[in-house]
> 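Here's a structure for you.
Predicted model, so just to flag it, every value in this text is computed and none were measured.
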Amino acid sequence: MPSLGRLHLITDTRPGCDPLAVVRAALPVARADLVVQVRVTDDTTDRQAYDLARRVRALCVPYEATCLVNDRLHVALAVDAHGGHVGADDLPVAAARRVLGPAAVLGATAREPDAAARAVAAGASYLGVGPCHPTATKTGLPDPIGPAGIHAVVAAVAVPVIAIGGVTAATVPALRAAGAYGVAVVGALSTAADPGRATAELIAALTC
């Protein structure tokens, strides 16, 4: 399994967004410390998801960045991604591990310590935990758990915890102090006027 980067960029494929432009801007700045998670909207066809993931995977190669695919694990396999990420309504973690194989990176979404421990026991190699703060990039989410919620999960598992949900460079220090290994962002980069500069600010906050 490749080493896990601390900054996870989740592609934003909502109307008006250009996920490939954001990836291109972030990669030269974050390089191997970037994980690009290809996430698409529910109405995206498998062919469209494949085309995006294939292009993202190719962009990641020169920078030794990690490419994952959210939910659609068959697409992850088809583009030779480094692995995938499953949420609460996706394949169970154990089933996802069987699909991807033992060497792949497999992320799982968790929110509280017991669920986090179960996901790790089932084969998750890292956890996406949140939402930490209010966010507008995904609907139907539960209430934010804040740094205290991150700390509770970190204390329960021995794998990297990636804080997600309304993350900005300004909120990173408190999340890192709570034990988060890294952070995952959508809007902090997809809506930034200068995604490259926003990436640099996030990386600086993660490594200070």
> Between Arg97 (side chain) and Ala104 (backbone), is there a donor-acceptor pair under 3.5 Å?
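Looks like yes, one N/O pair under 3.5 Å.
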> Among residues at least two apart in sequence or on other chains, which ones pass side chain to side chain donor-acceptor pair (under 3.5 Å) with Gln48?
Thr45
> Quick check on the hydrophobic clustering: are Val69 and Val35 connected, directly or via other members, by side-chain heavy-atom contacts under 4.5 Å?
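The answer is no; the residues belong to distinct hydrophobic clusters.
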> Should Leu100 and Val159 be regarded as members of a common hydrophobic cluster, given that ILVMFWY residues are connected when their side-chain heavy atoms come within less than 4.5 Å of each other, either directly or indirectly?
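They do not share one cluster, since no chain of ILVMFWY contacts under 4.5 Å joins Leu100 to Val159.
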> Under the 3.5 angstrom rule, does the side chain of Thr171 hit a backbone N or O of Val167 as a donor-acceptor pair?
no
> Tell me whether Leu4 shares a hydrophobic cluster with Leu127, the cluster being built from Ile, Leu, Val, Met, Phe, Trp, Tyr side chains joined at under 4.5 Å.
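As far as the 4.5 Å side-chain criterion goes, Leu127 and Leu4 are not connected within one cluster.
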> Can a donor-acceptor pair be found, under 3.5 Å and without considering hydrogens, that links the side chain of His151 to the backbone of Ala178?
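Confirmed, His151 side chain pairs with Ala178 backbone.
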> Could you name each residue pair satisfying salt bridge (Lys or Arg N to Asp or Glu O under 4.0 Å) that touches residues 99-120, not counting sequence neighbours?
none
> How many angstroms lie between atom OG1 of Thr41 and atom CZ of Arg14, to the nearest 0.5 angstrom?
10.5 Å
> Would you mind telling me which of Asp18, Val186, Val185 makes a side chain to side chain contact (heavy atoms under 4.5 Å, CB included) with Asp12?
Val186
> Under 3.5 Å, side chain of Thr109 to main-chain N/O of Ala88, donor-acceptor pair present?
no
> With a 6.0 Å cut-off (strictly less than), is the heavy-atom count around CG of Asp89, excluding the residue itself, greater than 12?
no
> Would you mind reporting whether Val183 and Leu206 have side-chain heavy atoms less than 4.5 Å apart?
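Side-chain contact under 4.5 Å: yes.
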> Is there a side-chain contact between Leu52 and Val40, using heavy atoms and a 4.5 Å cut-off?
yes
> Distance check, rounded to the nearest 0.5 Å: Cys67 atom SG versus Leu34 atom CG?
10.0 Å
> Mind jotting down which residue pairs meet the ring pair (Phe, Tyr, Trp, His ring centres under 6.0 Å) criterion with at least one end in residues 105-129? Sequence neighbours excluded, please.
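Counting only pairs at least two positions apart or across chains, the ring pair (Phe, Tyr, Trp, His ring centres under 6.0 Å) contacts touching residues 105-129 are His8-Tyr126, His85-Tyr126.
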> Looking at CD1 of Ile150 and CD1 of Ile145, how far apart are the two atoms once the value is rounded to the nearest 0.5 Å?
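The distance works out to 4.0 Å.
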> Is there a continuous path of hydrophobic side-chain contacts, each under 4.5 Å between heavy atoms, that joins Val154 to Val172?
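Result: yes, single cluster for both.
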> Supply the atom-to-atom distance Thr13 OG1 to Ile10 CD1, rounded to the nearest 0.5 angstrom.
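So the OG1 of Thr13 and the CD1 of Ile10 are separated by 11.5 Å.
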> Roughly how far, to the nearest 0.5 Å, is the CZ atom of Arg72 from the OG1 atom of Thr44?
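Spacing of OG1 (Thr44) from CZ (Arg72) equals 5.5 Å.
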> Side chain of Thr11, backbone of Pro19: donor and acceptor closer than 3.5 Å?
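Between the backbone of Pro19 and the side chain of Thr11 there is no qualifying donor-acceptor contact (under 3.5 Å).
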> Other residues, nucleotides and ligands only: do more than 12 of their heavy atoms fall within 6.0 Å of CZ on Arg55?
no
> After noting the C-alpha distance and the side-chain angles of Val86 and Asn70, does the key distance pass the side-chain contact (heavy atoms from CB on, under 4.5 Å) rule?
CA-CA 6 Å; Val86 290; Asn70 183 290; over 6 Å; no
> Leu77 and Val56: same hydrophobic cluster, using ILVMFWY side-chain contacts below 4.5 Å?
no
> With distance as the sole test, does Arg6 use its side chain to make a donor-acceptor pair with the main-chain N or O of Tyr181 at under 3.5 Å?
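Checked: pair present.
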> CD of Gln37 to CG of Leu68: how many Å apart, nearest 0.5 Å?
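One gets 6.0 Å once the value is rounded to the nearest 0.5 Å.
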